[in-house]
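Atoms within each ligand, like the ligands themselves, are counted from 1 in listed order.
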Amino acid sequence: MAPATLIENAFVLTVDAQRRELPRASVLIEGSTIVAVSTDPIEAGDAVRVDGRGCVLTPGLVNTHHHLYQWITRGLAADHTLFQWLTTLYPIWAGIDEEALHAAALGGLTQLALSGCTTTTDHHYVFPREGGDLLGAEIAAAAEIGLRFHPTRGSMDLSEKDGGLPPDTVVQTIDEILAASADAVARWHDPSRDSMLRIALAPCSPFSVTTDLLRESAALARELGVRMHTHLAESVDENTYCAEHFGSTPLEYMESVGWVGPDVWFAHGVEFDDAAIARLAATSTGVAHCPTSNARLGNGICRTRDLVDAGVPVGLGVDGAASNESARMLEEAHQAVLMARARGGPTALTTRTALELATRGGARVLGREDEIGSIEPGKLADLVLWDLSTVAHRDIDDPVAALVLGAIPPIKASWVQGIQVVADGDLLTIDTEQMTTAVATQHRRLLDKAR
Ligand SMILES: Nc1nc2[nH]c(O)nc2c(=O)[nH]1
């Protein structure tokens with residue numbers, strides 16, 4: 001068990017139910033859990049002491065949408081629409097294998113950890129025949145880095161020849177997908193309170209999977225007690241596809257196949273209309289808002305204000321690094337504010353709401369609001385101590401403004417499950433130089449394979 005740790009004299013943004021902000025407070029971690037939060041001195045015996053002066057302590061950020069494999073295909077199809085971008089990249093992604101995914105995941109997870117993320121999901125949906133144990137490779141990477149991980153067993157079964165978007169090389173049969181999904185849950189899913197690893201099922205998008213796969217994946221997920229995730233309402237082209245193929249909007253289609261409820265979350269939701277927002281709220285279906293990716297692909301701006309006002313569970317997501325080359329978690333809070341205000345004016349999203357979406361909002365989307373997402377006794381010790389003493393931050397008096405509107409501050413320390421992962425801006429858990437070399441090698445290898 002990790003030694004007790006006392007973080008002292010930090011500005012603590014609890015993001016708890018009262019949204020308490022404690023200018024000079026201490027937090028005591030014992031084992032995996034926060035045991036005390038106080039503005040009075042905490043008796044901590046021989047706990048390791050961390051000086052939080054000049055720093056702000058937040059809950060660890062929760063990333064609700066990613067495609068880690070894309071770390072090794074950044075910067076391609078830079079000026080394309082979503083459908084053009086996908087059809088350009090599918091043939092390259094068709095070469096992904098265990099080795100490539102392991103390196104890519106280490107790269108993407110490092111970027112997340114160094115931008116304040118302590119829990120991330122991943123939507124892995126490309127399973128080429130010769131790829132090997134792909135989910136196992138990214139699960140190993142997350143364990144090496146030490147992040148709490150919610151990977152999804154993604155899937156595609158509708159290729160171009162059957163009216164879908166992807167080529168034959170990257171789709172599987174329903175039987176293969178369902179067997180692999182059940183196997184992934186049996187091998188890895190840990191439903192316990194302090195779980196570091198939970199699996200969800202995630203057919204890719206309305207234009208890359210069959211209706212049967214959606215129905216059967218939902219039935220299997222509910223039988224196994226795991227969550228469900230997919231891309232939805234991301235672009236106008238997807239609206240057109242759903243209108244032409246199903247005679248409905250994306251959400252009407254998903255609802256018709258059992259895909260709404262508190263165990264479902266959708267990535268993007270740019271195109272949700274008033275009726276969709278009302279249905280999402282009524283069914284407690286979650287949304288992963290990915291502002292940078294939506295802008296990078298020119299898809300538009302999600303109606304965050306309306307989703308939040310309606311009571312929809314909303315978290316933030318960096319999305320894959322092929323559509324968000326930066327893929328830094330705190331940056332999504334910044335972008336969420338900018339995009340909401342570009343769409344809805346200066347009051348459309350406050351900096352504090354953006355911080356909430358990045359923390360307790362994401363925890364709710366992943367069904368972990370009782371365990372992570374705020375700083376309070378009894379919650380798991382997933383914490384980030386941001387150094388606001390730099391020239392970029394120290395004269396911004398409001399720490400939330402400094403964090404959400406300012407440059408991404410260095411991380412003095414972060415903890416996942418009470419174990420320190422980052423110290424003074426560097427990962428403690430892996431050799432980042434070695435990782436950088438492996439990423440470059442795998443990037444080259446994957447592009448060469450596609451030639
Ligand atoms: N932003 C993204 N949208 C997608 N839709 C789909 O089917 N795949 C993707 C993806 O990788 N990124």
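- Residue Ser205 approaches ligand 1 through these ligand atoms, each under 4.0 Å from one of its heavy atoms: 6 (C), 7 (O).
- Taking the six-membered ring for Trp, His67 and Tyr125 have ring centres closer than 6.0 Å.
- Looking at ligand 1, you'll find an N or O of Tyr125 within less than 3.5 Å of one of its N or O atoms.
- For Tyr241 and Phe83, the ring centers sit 6.0 Å or farther from each other.
- Below 3.5 Å of separation, one finds no N or O of Tyr90 facing any N or O of ligand 1.
- The closest approach between a heavy atom of His123 and any atom of ligand 1 is not below 4.0 Å.
- When heavy-atom distances to ligand 1 are checked against a 4.0 Å cut-off, Leu86 comes that close only through its side chain, counted from C-beta outward.
- Atoms of ligand 1 found under 4.0 Å from any heavy atom of Cys204, numbered from 1 in the order shown, are 6 (C), 7 (O), 8 (N).
- In terms of polar-atom proximity, Trp85 is not counted as a contact of ligand 1, lacking any N or O under 3.5 Å from an N or O of the ligand.
- Between Trp85 and His80 the shortest heavy-atom distance is N-CB, 3.7 Å.
- Heavy atoms of Met156 stay at 4.0 angstrom or farther from ligand 1.
- Side-chain rings of His150 and His229 stay apart, their centers remaining 6.0 Å or farther from each other.
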Let's go through Thr88 and Leu76 carefully: what are the C-alpha distance in whole Å and the side-chain angles of both, what is the deciding distance for side-chain contact (heavy atoms from CB on, under 4.5 Å) to 0.1 Å, and is it a yes or a no?
CA-CA 9 Å; Thr88 304; Leu76 304 173; 6.0 Å; no
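- Checking Thr292 against Glu332 by side-chain atom types alone, a donor-acceptor pair falls below 3.5 Å.
- Judged by distance alone, with hydrogens and angles left aside, the side-chain atoms of Arg19 form a donor-acceptor pair with the main-chain N or O of Asp16 at under 3.5 Å.
- For the pair Tyr69 and ligand 1, the shortest N or O to N or O distance does not fall below 3.5 Å.
- Here the protein heavy atom with the shortest distance to atom 2 (C) of ligand 1 is Glu234 OE2, 3.5 Å.
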